[in-house]
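Below, all heavy atoms of this structure are taken into account, side chains as well, without hydrogens, waters or symmetry copies.
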Amino acid sequence: MTSVPTNVWSALEDDQVTTEAVTGILSQVHDDVWVASACVDRFLGDVEPQRALLSLGLSRTDRAIERCQSVVSLSNAPEDSSDSKRDVLASHFQNEPSEALLCHLRSVLLRRLDRLNTYIKMEEKFPQILEPGVNDAMEEWEDDPWGDAASSSELTTQTKHTKEIPISLPEFLQNDLLWSACELSSLGAFEALQILLHKHGAELWPKRFRVQDCIPEHIHPSLCKDILPAFDHSLQKEEICIADNWRNELDFSELPYTQQAIWCCLPPSTVILDADKKIDCLCIADPLTAEQLSNWYKSRVDYVISSTGMIDIALAVVQHGASQGLPLLDELGEELSLLSRLVYDAPQGSDLQDDWTLANWRSMDPLSVVRAYLVHSSPDTVVRDITSLVMPYLFVLEARAERAGTPDPLLPTRLLYDYILTTSLECVAAIFEASKPTLPSSQRVIRSDEDMAKLALACLYASDSLTEWSTMSNIFECLPVWDISRSGNNNEEAAETTIASLGAFVTPNTNQPPCTAQDLLLFFQPLPIASLSRALDVLDVHLESGEILSRWNSPAPLRWFLQSSNNVKEQQARANRMARRVGEKEDMLNGIEDWEWLLEDMWKLIGNGDNADTAGRGAFCLLSREEISRIFLSGLLSTGNFTIAKSMLYGPLQKLNLSPEIIEEVCLTSSHEFYDNASSGNYKSGDMKLAYDCLDVPPLSETIVKEKEFIEATSRISSFNIPSKPDFTLSPIEIRLTKDRLSLISRVISSNNDTYKHTQVLLDLVGKLGYQNDPVAEAKVLAMIADTALQAEDFSRAYENCERMVQTVTALRKASISTVDDEKFQGASEVCWIACFQLGRQQEFTDISRKMELLGHALEFCPSDKIHDVLTAWRKLESEEVQSREEKLQRKRSGEAVVVNSRGLNSIPSNVASSLRARLQDFHMPSPPLLSTPDAAALASRTFKTVTANFPFAVGHRGRSQYSDVDESTSLKSGGSRRSDVDDVSSQASRALSKGIGWLIGADEDL
């Protein structure tokens, strides 16, 4: 009979067990131990079958409990002796092990029944969730034009409300209660958790803090206030939760001595603990003190902030604890309240900080907190933020200082002022707008008029801004105005001394860094109202000057006006910048009206001309009206607006009244600037054209003409593309910086093979380079041309240039006699005789008469110690001429007479001959060492090289290749052997000394 129901029962799955199955199958089994064990073995998900199962199991243990109670009562054990009762039961269980097992199973069933009742009550409080119906899912399609009315009505259903089951019944029955409590706590099922704690308080009370720690950090305390620790004011301890157990008394199987007896008799493997999932924790049975509870709330706050950063939840936790009267939480609540305003109420930027903690907050100094409140405040919100965020914080600081016994009534204003000194000018303007003296004192952010003036002066003079002039003016307009009488000289002198000291204070030096706004506030702090009023007057002038400078693209920070008030160089530099930088923007000056406006503004910056009020005058107070006009003209010319410059200088409405000398000086300076910046020497375009046209502005003068000619010369020289260095041609600035400008002519001649043919062009170029009417320069250039023609074997042009050079030197000699300027003549004659000598002894030049004429000029201008050398060449040429004439006589035997002057002077002009006679009569030539003297050609060549050493090309190279620098052992490089000519030098010189001089001074002898 028993086996059939047990087999059927064992074959059932848990989800197949129903109340009918319990009563219909399991109740038919007569074995109480088996039935009780079967009831303990099953965990069902439905409440009613589980209750039926537990009730059946308990009913099968009733007889065993009655027997055990009879055994204890019959043993006559004392009522108060648990040990005796335990021993009696243990002895009974030794004889009847099934009785021990039934007692144990009964305690398990009772525990599960209590939990089942708790679960049923908890289930009513499980959170509800909304399960949307079909029409909720398709709500946006209710007006579907493609749907018909019938289908739409079918979709209309009600939203379902279902329970969210955080713990299933089987889990709740077989797991440790602490695990279930922590699970409910972590899931936020606080109403169900409250029932669990209330019904099983005896077991869970010592473990309450473990359950509380499982409350999610983001949960607001108002949702779990019954779970959080509470404070009992009457006992000044933690409030103990009163348990409401399901049974007021323990069952016999749950009594301590019964449990002890069961544990003694049953093997450990048969003991059922209902603790598949357990959580270990530290049990605290005793209630905490007030201080301990406060510490718990503090640690909870730290945990909430560090894990979530939710300052509002942490504040609510503190407020919950403080509302119960717990000590030491007020100050923490203050800090969290202030911190929450920073996190939630203060304006936030894109760099939102999400890791605010109490440690961060406590590490910040008060000024950093104020800046953190206002770091993202705009000019539109800064006043509101100061009122709602900063001022409460400052009042809390003041109250704390008073509680600490160190009152500091100036603390709020000091911190506020520190912020104002470091914030933007726009925010400062908004704060000053809300602090106008016309507003009621209670509504003003800054309530002291003197403090407003000091803060404004410190902020403005410490600012580096170059663009916020309207904002600065708005700040100034909010400042107070004092009616200060200036009749007393002492007050005026004190004010001026203050301004002068301020100028020195803001000027940086090597000993101190640039002053900050805080430094300036310290400077202004002790000043009386009279000095402050004077400083504000100066500030007004400086603001106006700053706006003018900014208008013309040359702004300066306000402190510059203090630094430059006694520095004329600084003012000159700023005026130059103002006059020149306006041209950098094309849309800044559109006509003469704008330039006249600029000039008027520059004059305005001079100030009122009160020399006793230097600091109060304009930015250019140390400059005169004439100097400003001069600087203005320079700036105007630098833009190339020469027509406007002429109109303002010479027009009917003359704006610039400058002397011709100043105009010329300024125009020359501007022209030089254009010239030096020119990349091309062509004066028809670019900066060089500007340099040339700029010289049309002043009246024409010798200096202007020379400068224009120099520009024309530069343009002409640049057209030859003279190389300067690899891949670069000679630039204009290099032309100007050339010290010896004649070297430029030599480079021009060398740059082209035909340049030497244009003698007059080259001489004109010499004049434009600054050598106008300079015979020495002309002679040197003619020598260059002659030498170049000689190298090109263009003897005709070489002769013409030598003749022209002789004429120039002759004229210079006549002039030097009258002016006693012999030095120039010596330089020119040195070049002249050498050039004539070089060409006169040139073998390829076949015109003997011209050659003798040239040698005659060489004799005329050469130094005394060179006459012997020139005569040597002369005698040689004379011999050639005599031989030539004899050949002509032989050819003309027709009887035609040919008159020949044996002295050879017929080829020399009469004036040259007379000059030679005069020189030779006074000349006492020493007897030369005929056999040891060097070749005359070599001597002349060396002398010519010395004189023309400044020529960049090698003058006379062709002469060197054919006739010069030849010693007794050297053969000629071209033109045949000249050895016989060289050997005749000594003999010819000897004859010239013995008898040639005689006919040179006038002795007539026929051939």
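The side-chain heavy atoms of Ile272 and Leu105, taken from C-beta on, include a pair separated by under 4.5 Å. Using a 4.5 Å heavy-atom cutoff, the side chains of Ser340 and Asp312 are not in contact. Between Leu336 and Leu358 the shortest side-chain heavy-atom distance falls below 4.5 Å. Using a 4.5 Å heavy-atom cutoff, the side chains of Leu315 and Leu339 are not in contact. Between Tyr373 and Val369 the shortest side-chain heavy-atom distance falls below 4.5 Å. Within the 4.5 Å cutoff, the side chain of Val40 has heavy atoms near those of the Arg112 side chain. Counting heavy atoms from C-beta outward, Pro97 and Cys265 have side chains that stay 4.5 Å or more apart. Side-chain contact between Ile227 and Ile215 is present, with at least one heavy-atom pair separated by less than 4.5 Å.
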Would you check, one step at a time, whether the test side-chain contact (heavy atoms from CB on, under 4.5 Å) holds for Gln236 with Phe231? CA-CA 7 Å; Gln236 289 296 304; Phe231 182 63; 3.5 Å; yes
Go through it in stages, so that I can follow the logic: the residues are Arg63 and Asp32, the test is side-chain contact (heavy atoms from CB on, under 4.5 Å), and I'd like the CA-CA distance, side-chain angles, deciding distance and then a yes or no. CA-CA 9 Å; Arg63 291 193 295 272; Asp32 293 337; 2.5 Å; yes
Passes side-chain contact (heavy atoms from CB on, under 4.5 Å), Leu74 versus Val88? Steps please. CA-CA 10 Å; Leu74 294 175; Val88 172; over 6 Å; no
Should Arg86 and Thr258 be marked as a side-chain contact (heavy atoms from CB on, under 4.5 Å) after you check the CA-CA gap, both sets of side-chain angles, and the distance that decides it? CA-CA 6 Å; Arg86 179 196 60 200; Thr258 304; over 6 Å; no
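Checking side-chain atoms of Glu239 against main-chain N and O of Ala230 turns up no donor-acceptor pair under 3.5 Å. Put simply, the side chain of Arg208 gets close to the backbone of Ile284: a donor and an acceptor are under 3.5 Å apart. Side-chain N or O atoms of Gln28 include none that pairs as donor or acceptor with a backbone N or O of Ile25 at under 3.5 Å. At least one donor-acceptor pair under 3.5 Å links the side chain of Thr381 to the backbone N or O of Ser378. Side chain of Glu334 to main chain of Glu331: no donor-acceptor pair is present (N/O by atom type, distance under 3.5 Å, no hydrogens or angles). At least one donor-acceptor pair closer than 3.5 Å links the side chain of Arg341 to the backbone N or O of Ser388. Ser55 places no side-chain N or O within donor-acceptor distance of the main-chain N or O of Ala52, the cut-off being under 3.5 Å. In this structure, the side chain of Tyr344 engages the main chain of Ile311 through a donor-acceptor pair within 3.5 Å. Ser91 contributes no side-chain N or O that, together with a main-chain N or O of Asp87, makes up a donor-acceptor pair within less than 3.5 Å. Under a 3.5 Å cut-off, the side chain of Asp251 and the backbone N or O of Ser253 do form a donor-acceptor pair.
Screening residues 170-187 for side chain to side chain donor-acceptor pair (under 3.5 Å), with sequence neighbours left out, gives Ser168-Glu171. Applying the side chain to side chain donor-acceptor pair (under 3.5 Å) test to every pair with at least one member in residues 211-221, sequence neighbours left out, gives these pairs: Glu217-Tyr303, His220-Ser222. Every pair passing ring-ring contact (aromatic ring centres under 6.0 Å, His included) that includes a residue from residues 97-122 is listed here, sequence neighbours excluded: Tyr119-Phe126, Tyr119-Phe172. Note on residues 184-206: no pairs pass ring-ring contact (aromatic ring centres under 6.0 Å, His included), not counting sequence neighbours.
Taking all atoms of both residues into account, the shortest heavy-atom contact from Pro221 to His320 is CB-CB, 4.2 Å. Here the closest heavy-atom approach between residue Gly24 and residue Ser27 is recorded as N-OG, 4.1 Å. The minimum heavy-atom distance linking Leu173 with Arg115 is given by the pair O-NH1, 3.1 Å. Here the shortest heavy-atom pairing between Ala314 and Val301 reads O-CG2, 3.6 Å. When all heavy atoms of Leu326 and Ala290 are compared, the closest pair comes out as CD2-O, 3.8 Å. In this structure, Leu389 and Pro347 approach most closely via the heavy-atom pair CD1-CD, 4.4 Å.
How far CZ of Phe252 is from SG of Cys103: 6.0 Å, rounded to the nearest 0.5 Å. Rounding to the nearest 0.5 Å places CD of Glu48 at 10.5 Å from CD of Glu20. The CG atom of Leu102 lies 11.5 Å from the CG atom of Leu58; values are rounded to the nearest 0.5 Å. Residue Leu196 holds its CG atom at 8.5 Å from CD of Glu203, rounded to the nearest 0.5 Å. Atom CD in Glu123 sits 11.0 Å away from atom CD1 in Ile195 (nearest 0.5 Å).
Of the charged side-chain nitrogens involved, none lies within less than 4.0 Å of a carboxylate oxygen, so that Glu335 and Lys298 do not count as a salt-bridged pair. Using a cut-off of 4.0 Å between Lys/Arg side-chain N and Asp/Glu carboxylate O, Lys121 and Glu191 are scored as not salt-bridged. Looking at Arg106 and Asp62, a side-chain N of the basic residue comes within less than 4.0 Å of a carboxylate O on the acidic one, giving a salt bridge.
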Show the atom names and distances, to 0.1 Å, of all donor-acceptor pairs under 3.5 Å that link a side chain in residues 411-418 to residues at least two apart or in another chain.
residue, atom, partner, partner atom, Å
Thr413, OG1, Leu410, O, 3.0
Arg414, NH2, Asp408, OD2, 2.7
Tyr417, OH, Asp451, OD2, 2.8

Please tabulate, one pair per line, all N/O donor-acceptor pairs under 3.5 Å involving side-chain atoms of residues 240-248, not counting sequence neighbours.
residue, atom, partner, partner atom, Å
Asp244, OD2, Lys199, NZ, 3.1
Trp246, NE1, Asp114, O, 3.2
Trp246, NE1, Thr118, OG1, 2.7
Arg247, NE, Asp114, OD1, 3.3
Arg247, NE, Asp114, OD2, 3.3
Arg247, NH1, Glu254, OE1, 2.8
Arg247, NH2, Asp114, OD2, 2.7
Arg247, NH2, Glu254, OE1, 3.2
Arg247, NH2, Glu254, OE2, 2.8

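Residues passing the ring-ring contact (aromatic ring centres under 6.0 Å, His included) test with Tyr297, sequence neighbours excluded: none. A search for side-chain hydrogen bond (donor to acceptor under 3.5 Å, both in side chains) contacts involving Thr23 returns nothing, not counting sequence neighbours. With sequence neighbours left out, Asn95 forms a side-chain hydrogen bond (donor to acceptor under 3.5 Å, both in side chains) with no residue at all. Listed by chain and number, the residues in a side-chain hydrogen bond (donor to acceptor under 3.5 Å, both in side chains) with Tyr419 are Thr423 (sequence neighbours excluded). Taking the salt bridge (Lys or Arg N to Asp or Glu O under 4.0 Å) definition, one finds that Arg111 meets it with Asp274, sequence neighbours left out. In terms of the side-chain hydrogen bond (donor to acceptor under 3.5 Å, both in side chains) criterion, Asn295 has no residue partners (sequence neighbours excluded).
Arg42 forms a cation-pi arrangement with Trp9, by the criterion of a distance under 6.0 Å to the ring centre and an angle within 45° of the ring axis.
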